[in-house]
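Small disclaimer: the values here were computed from a predicted structure and weren't measured.
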Amino acid sequence: MVVVLSEKDRREIFDTLTNKQIRVIKRYVLDTVKSELLTKYFWKGINWDLIGLEYDPFFHKKLAERVSQPRLFCSACGKPLKNQYIVKSKQTGHIQELGSTCLSDRAGIDIRIVKEIHNSRKRINLFQDEILSDYRNKERFPNRIYKDIIEINADRSWGPKFRSKILDFKGANLPLFHKDHNKLLKDLSNRRNELDEEEQFGHKDKVRNNIQEYIHLKRYINEIIRKDRSLNIIRKEETLSDALERITNINNSINDDFAVIPISKQKELAKQYIDPFNQKLSRIRKVKQIDSKTWIDEAVKISTTIMSIVQDFNEIKDKRINEYKRVVQEVNDVSKTIPGRNQYFEPDLTKNIDEEIAFYKQYLEELKLEKKIIYYPKNLKRRLSEKESNLKRNPSAIQDDLSRSVTLPEKDALVRYYLLKQGFYQEFTLDDFDQKSESEQVQILEYASLKAELIKEIYKFEIEITARKNAMNNLINEINGLAKGMLDDRYIHSAERDRYISTKVLYYDNNYSTTILRLKNEKQVLENFVDKFSKYPQSLLNNLEVASEKIYNVPSDSRRIMHEYVKQLHIYEKNRLLIDDYRLLLEYYFMKSKETNDLKKISFSQVAEVLTKEQFKKLNHKNKLNRLQGIYLINGLVTEIKKYIIDVDLAKKIKRLNELRKETDGKNYQVHHLPQEILMKADVDEIKEYSDKIDKNIQYKEYIKKIEVLINEIYELQEELFGNNVNPIDVLAELQNNHNLKLAKTKFKSLSNIKEELEIGLKRTHNIWREPEFDEIRTPLHQVIAENIFIEKEDLDTFESIKQQAEELELSLTDNEKQVVEYFLRKKKFMDSSGKIQQNLYFNNIDSKTFELNKLSRKIFIEYYVLKLKLEKYIYYYNKLESNSAYIRELEKIISMNGKIVKTKIKKSSGDPEELSTLLKDNLNIFRSTNNNKSQEYALIFSDYNNKIMKILHLSKKQGNNLEFIKESIEYLMDKYQSKNI
């Protein structure tokens with residue numbers, strides 16, 4: 001029974017094997033397949049030796065899951081391989097480790113070898129699946145049979161390779177191939193029964209292959225003559241002499257006939273005619289009376305029959321040879337027509353002609369199919385070549401895929417070609433599938449599932465091509481809609497449309513992307529022209545209409561034609577820049593004037609790309625007249641466009657420039673006038689240069705105007721965020737002096753960024769500080785930011801400590817409270833060590849590295865976070881300490897450890913508690929002085945009180961961690977506070 005495992009089954013079984021077992025399976029599976037390949041007839045006479053095979057049972061595993069199993073790679077293309085073929089050049093000795101594809105594409109190995117090697121993958125799977133399936137079914141090495149063989153010396157006929165193979169399987173405890181297992185049983189049975197069948201067969205083969213004497217009549221002729229009673233003594237001698245000569249001639253004739261036919265045919269004739277005759281001769285001793293003539297005539301008849309058969313056979317052989325040569329020649333002819341197929345084959349008459357014809361016919365079919373599908377893209381062919389059979393698929397699902405409607409030309413050729421490439425030369429159907437045998441079902445599923453996969457991939461490709469075709473047609477329709485009636489030369493007619501939607505364009509990614517991009521650009525050009533055309537002043541269009549209807553008188557004399565063309569060519573060259581800028585407008589009116597000037601057969605592109613004087617001379621008279629007529633027309637249209645530029649376009653630009661100057665220059669405003677040299681010369685280069693200069697001046701003045709607006713907007717935003725006292729922005733004076741467009745753009749961008757930052761800040765604060773909940777603290781907070789901030793040290797430790805406190809307390813504030821803090825921080829102005837005022841747009845993002853690098857700004861960085869901490873404390877404690885009990889809890893938290901009053905009495909250590917007591921009692925005066933605005937005052941005094949409590953804690957640690965004293969002092973403080981009638 002044929003066993004076929006899925007890739008998943010193989011991986012699961014391989015995972016249960018030891019490294020030694022895997023090595024044994026790989027070695028002997030590959031050896032078996034290699035042996036088959038090396039014995040195939042077509043390995044003879046080629047330039048490569050197959051010296052090794054490898055395969056990777058863990059091909060589908062990730063690298064991390066492979067442990068010690070190395071991966072296989074193709075030495076030609078570098079891709080990882082499941083099956084690797086190691087070949088050695090007979091000429092150079094160069095060794096390559098290749099996949100099946102690169103054997104042909106990269107190494108140039110004969111196509112016949114590649115086909116057989118490609119099919120060897122199935123052989124590898126068949127051999128290894130047999131072992132893996134048996135192993136999964138708990139079968140192991142047949143130790144009992146092996147022991148019996150050794151005991152009776154039944155292994156004496158084993159060769160060293162077979163013996164080594166059996167020992168390796170025994171050492172790995174793996175089940176044997178069924179052929180090897182059967183051989184062990186057969187050898188054991190033969191030895192036990194002492195059969196000599198092999199020797200008998202060997203003697204028979206020896207007799208049959210004796211080329212010296214096919215007919216054994218010579219051995220028995222004396223006895224035959226002796227028993228022929230019809231002969232007297234003299235006649236017997238004569239008959240014997242004559243018989244010996246005839247027997248020699250008979251054998252020579254047979255030898256001659258056998259020399260020109262294959263051994264297989266020799267054996268066939270010997271078995272049919274010679275062996276029966278020789279067997280009869282071997283029994284002649286039992287015959288008493290013999291007719292010698294009958295025996296000799298029968299031998300002659302055998303010889304004559306063999307001669308006749310050989311002649312007929314050779315005639316058929318000649319026909320087959322001719323057919324062989326014809327097929328090979330046809331292969332060579334078809335191969336020439338396929339790009340990249342530079343192979344040339346010679347008939348080899350030493351090989352089996354029938355097998356050669358069968359091979360070349362199959363290969364010829366492949367070539368013909370390949371020729372039919374040659375225009376399909378490589379990426380599709382690659383995807384199809386990677387498809388594999390899937391034996392796990394349901395037959396009904398396969399049938400659904402086989403029934404897909406695919407309309408691509410040569411679809412069947414594509415499918416057939418890639419079926420042949422995988423060794424499926426016979427076609428199968430799923431009809432009556434359930435009635436087939438198991439082996440037939442496997443074969444049918446392999447074929448049908450692969451065919452279904454191929455059709456699915458082709459169907460997917462067809463959908464892609466249909467989408468491309470629709471996109472191309474839609475784009476062409478849009479272009480034609482824009483071009484029709486305006487630019488007819490750009491209209492895409494049916495013949496050109498067919499080229500755009502041809503397989504050459506649609507099938508190939510690069511061709512399609514290039515073509516679609518070119519058409520999109522063409523569409524954009526037409527859309528831009530239609531838009532511009534609607535905006536051109538009617539006066540210009542009227543003048544161009546008149547110019548296009550003008551009939552130009554072309555001279556008939558060849559000499560004058562040449563003179564006029566040179567003159568018009570000079571004008572054309574001077575106007576070339578203008579022609580490029582207004583190309584589509586000129587083309588539009590050129591199209592309208594074709595009938596008027598008899599230019600129906602001349603396109604605008606022909607005239608626009610004018611000929612040199614030398615090229616013009618080579619034209620015939622008619623073409624010269626057409627070219628001259630066309631250049632007359634273009635120069636006439638350009639003249640009207642040039643007038644428009646001077647009289648209208650430049651006039652508009654100068655008017656706009658003067659308006660901007662008047663707005664930005666104030667008292668220094670001066671009117672700009674069009675220079676007389678522009679009006680007089682009207683040279684296109686100078687006009688364009690002057691027009692570009694005016695454009696730059698307009699852009700510059702527009703930027704100045706925008707910057708003025710930006711500055712006013714920034715002032716308003718700064719006042720809203722920081723108050724009335726804001727830093728001035730002085731960039732206009734610098735710009736007016738430089739008159740530099742690039743500098744103006746840079747300043748505008750910089751100011752735009754400042755405005756954006758201010759708007760973000762304003763959006764964040766969002767006037768939260770004006771909300772009723774902050775009415776009571778708005779005035780005290782203004783007082784906080786008005787106070788001077790004293791900093792003892794400007795070092796990094798001080799900065800980091802204050803910043804950390806501010807950031808920690810910020811986490812306890814609500815979003816509204818944070819925005820109020822941000823608002824008041826923005827209202828504060830900070831002065832650095834050099835006396836320069838800075839606003840705090842970016843202070844909140846200052847880190848330690850920035851602090852270290854900016855020595856002049858260290859003071860204001862610390863002041864910023866000191867002020868931020870004050871504002872946060874005021875807002876936090878104002879909202880959190882509205883009752884006496886809340887205030888007392890906060891005091892407890894400040895002087896506590898881990899948030900609790902220390903309950904354990906600690907023995908007082910040496911120290912001066914009087915100083916601590918005095919400090920605490922001094923703080924009582926703070927509470928005795930409170931008035932009705934207790935909540936506000938509590939909040940204001942809390943920072944100072946907190947600092948003193950921190951000093952007490954610090955001092956107590958220096959005095960021996962006298963926490964008990966601290967506790968008693970605070971309790972005394974709280975008692976006094978609570979007993980006070982406020």
All ring-ring contact (aromatic ring centres under 6.0 Å, His included) counterparts of Y417, not counting sequence neighbours: none
Taking only residues two or more places apart in sequence, or in another chain, which ones meet N394 in a side-chain hydrogen bond (donor to acceptor under 3.5 Å, both in side chains)? S396
Does atom OH of Y508 have more than 12 heavy-atom neighbours, drawn from other residues, nucleotides or ligands, at distances under 6.0 Å? yes
Is there a side-chain contact between I22 and L17 in this structure, where contact means two heavy atoms from C-beta onward sitting under 4.5 Å apart? yes
If you compare all heavy atoms of P175 against all heavy atoms of I131, which two are closest, and at what distance to 0.1 Å? CG-O, 3.8 Å
Decide salt bridge (charged side-chain N to carboxylate O under 4.0 Å, His left out) for R136 and D129; before the verdict, give the C-alpha distance in whole Å, the side-chain angles of both, and the deciding distance to 0.1 Å. CA-CA 10 Å; R136 183 174 61 180; D129 286 357; over 6 Å; no
Under 3.5 Å donor-acceptor, S335 side chain and V331 backbone: no
Taking only residues two or more places apart in sequence, or in another chain, which ones meet K436 in a salt bridge (charged side-chain N to carboxylate O under 4.0 Å, His left out)? none
So which atom in R140 and which in Y135 form the shortest heavy-atom distance, rounded to 0.1 Å? NH1-O, 3.0 Å
Of all the heavy-atom pairs spanning L419 and L450, show the shortest one and how long it is. CD2-CD2, 3.9 Å
List in chain and number order the residues that pass side chain to side chain contact (heavy atoms under 4.5 Å, CB included) with P347, two or more places apart in sequence or in another chain; answer none if no residue qualifies. Y324, K325, V328
side-chain contact (heavy atoms from CB on, under 4.5 Å), that's the test. Do I398 and L445 meet it? Break it down for me. CA-CA 9 Å; I398 294 174; L445 280 179; 3.9 Å; yes
Give a yes or no on whether the backbone of S75 and the side-chain of E97 come within a donor-acceptor separation of less than 3.5 Å. no
Just wondering, do L176 and I166 contact through their side chains at under 4.5 Å, heavy atoms? yes
Any residue meeting salt bridge (charged side-chain N to carboxylate O under 4.0 Å, His left out) with D168, in chain and number order, not counting sequence neighbours: R27
For R163 and D155, indicate whether the former's side chain and the latter's backbone hold a donor-acceptor pair under 3.5 Å. yes
In chain order, what residues pass the salt bridge (charged side-chain N to carboxylate O under 4.0 Å, His left out) check against K361, with sequence neighbours excluded? E323
Is the NZ atom of K411 crowded by more than 12 outside heavy atoms at less than 6.0 Å? yes
What do the steps show when you test F313 against V260 for side-chain contact (heavy atoms from CB on, under 4.5 Å), and what is the final call? CA-CA 10 Å; F313 177 82; V260 295; over 6 Å; no
Can you tell me if S164 uses its side chain to pair, donor with acceptor, with the backbone of K161 under 3.5 Å? no
Say whether, by atom type as modelled, one donor and one acceptor occur between the side chain of Q84 and the main chain of F73 under 3.5 angstrom. yes
Shortest non-hydrogen separation from H181 to P142 and the atoms involved: CD2-CG, 3.9 Å
Donor-acceptor contact present, side-chain S133 to main-chain E130, <3.5 Å: no
Report the C-alpha distance between Y418 and K387 in whole Å, list the side-chain angles of each, state the deciding distance to 0.1 Å, and finish with yes or no for side-chain contact (heavy atoms from CB on, under 4.5 Å). CA-CA 9 Å; Y418 285 99; K387 295 300 176 184; over 6 Å; no
So, taking the atom named CD in Q21 and the one named CG in N19, what distance separates them when rounded to the nearest 0.5 Å? 9.5 Å
Any non-hydrogen side-chain atom of E365 less than 4.5 Å from a side-chain atom of R416? yes
Test side-chain contact (heavy atoms from CB on, under 4.5 Å) on F141 and L174 and set out the steps. CA-CA 5 Å; F141 182 80; L174 286 170; over 6 Å; no
Those residues that, when tested against Y376, pass ring-ring contact (aromatic ring centres under 6.0 Å, His included) (two or more places apart): Y507
Are K317 and I321 side-chain neighbours, meaning at least one heavy-atom pair lies under 4.5 Å? yes
T337 versus I374: any side-chain heavy-atom pair under 4.5 Å? no
Any donor-acceptor pair under 3.5 Å linking the side chain of N278 with the backbone of Y214? yes
Please enumerate all residues that pass salt bridge (charged side-chain N to carboxylate O under 4.0 Å, His left out) together with K451, with sequence neighbours excluded. none
Find the distance between CD1 (I458) and CD1 (I463) and round it off to the nearest 0.5 Å. 12.5 Å
In short, P276 meets A270 closest at the heavy-atom pair CD-O, 4.1 Å
Taking salt bridge (Lys or Arg N to Asp or Glu O under 4.0 Å) as the criterion, tell me which of K319, R320, K265 meets it with D354. R320
Taken in chain and number order and not counting sequence neighbours, the residues that satisfy side-chain hydrogen bond (donor to acceptor under 3.5 Å, both in side chains) with N390 are none
Any non-hydrogen side-chain atom of I86 less than 4.5 Å from a side-chain atom of I95? yes
Which residues pass the side-chain hydrogen bond (donor to acceptor under 3.5 Å, both in side chains) test with D180, sequence neighbours left out? K165
For K381, give me all partners under side-chain hydrogen bond (donor to acceptor under 3.5 Å, both in side chains), at least two apart in sequence or on another chain. none
Could you go step by step and tell me if R326 and E330 meet the salt bridge (charged side-chain N to carboxylate O under 4.0 Å, His left out) rule? CA-CA 6 Å; R326 179 187 59 78; E330 193 173 355; 3.5 Å; yes
Is a side-chain N or O of S189 found less than 3.5 angstrom from the main chain of L185, in a donor-acceptor match? no
Under 3.5 Å, is there a donor-acceptor pair linking the side chains of D333 and Q329? yes
With rounding to the nearest 0.5 Å, note down the distance linking CZ in F433 to CD in Q441. 4.0 Å
Rounded distance [0.5 Å steps], CD in Q362 versus CD in E366: 7.5 Å
If you round to the nearest 0.5 Å, how far is CG of D187 from CD1 of I145? 11.5 Å
For S437, check side chain to side chain contact (heavy atoms under 4.5 Å, CB included) against everything at least two apart and list the hits. S439, E440
Please tell me if the side chains of F461 and P377 come closer than 4.5 Å, counting only heavy atoms from C-beta onward. yes
Lys NZ or Arg CZ of K183 over F162 ring: under 6.0 Å, within 45°: yes
Which heavy atom of P395 sits nearest to which heavy atom of L430, and what is that distance? O-CD1, 3.5 Å
Is any side-chain heavy atom of H178 closer than 4.5 Å to a side-chain heavy atom of N182? yes
I need the single residue from R404, R382, R383 that forms a salt bridge (Lys or Arg N to Asp or Glu O under 4.0 Å) with E457. Which is it? R383
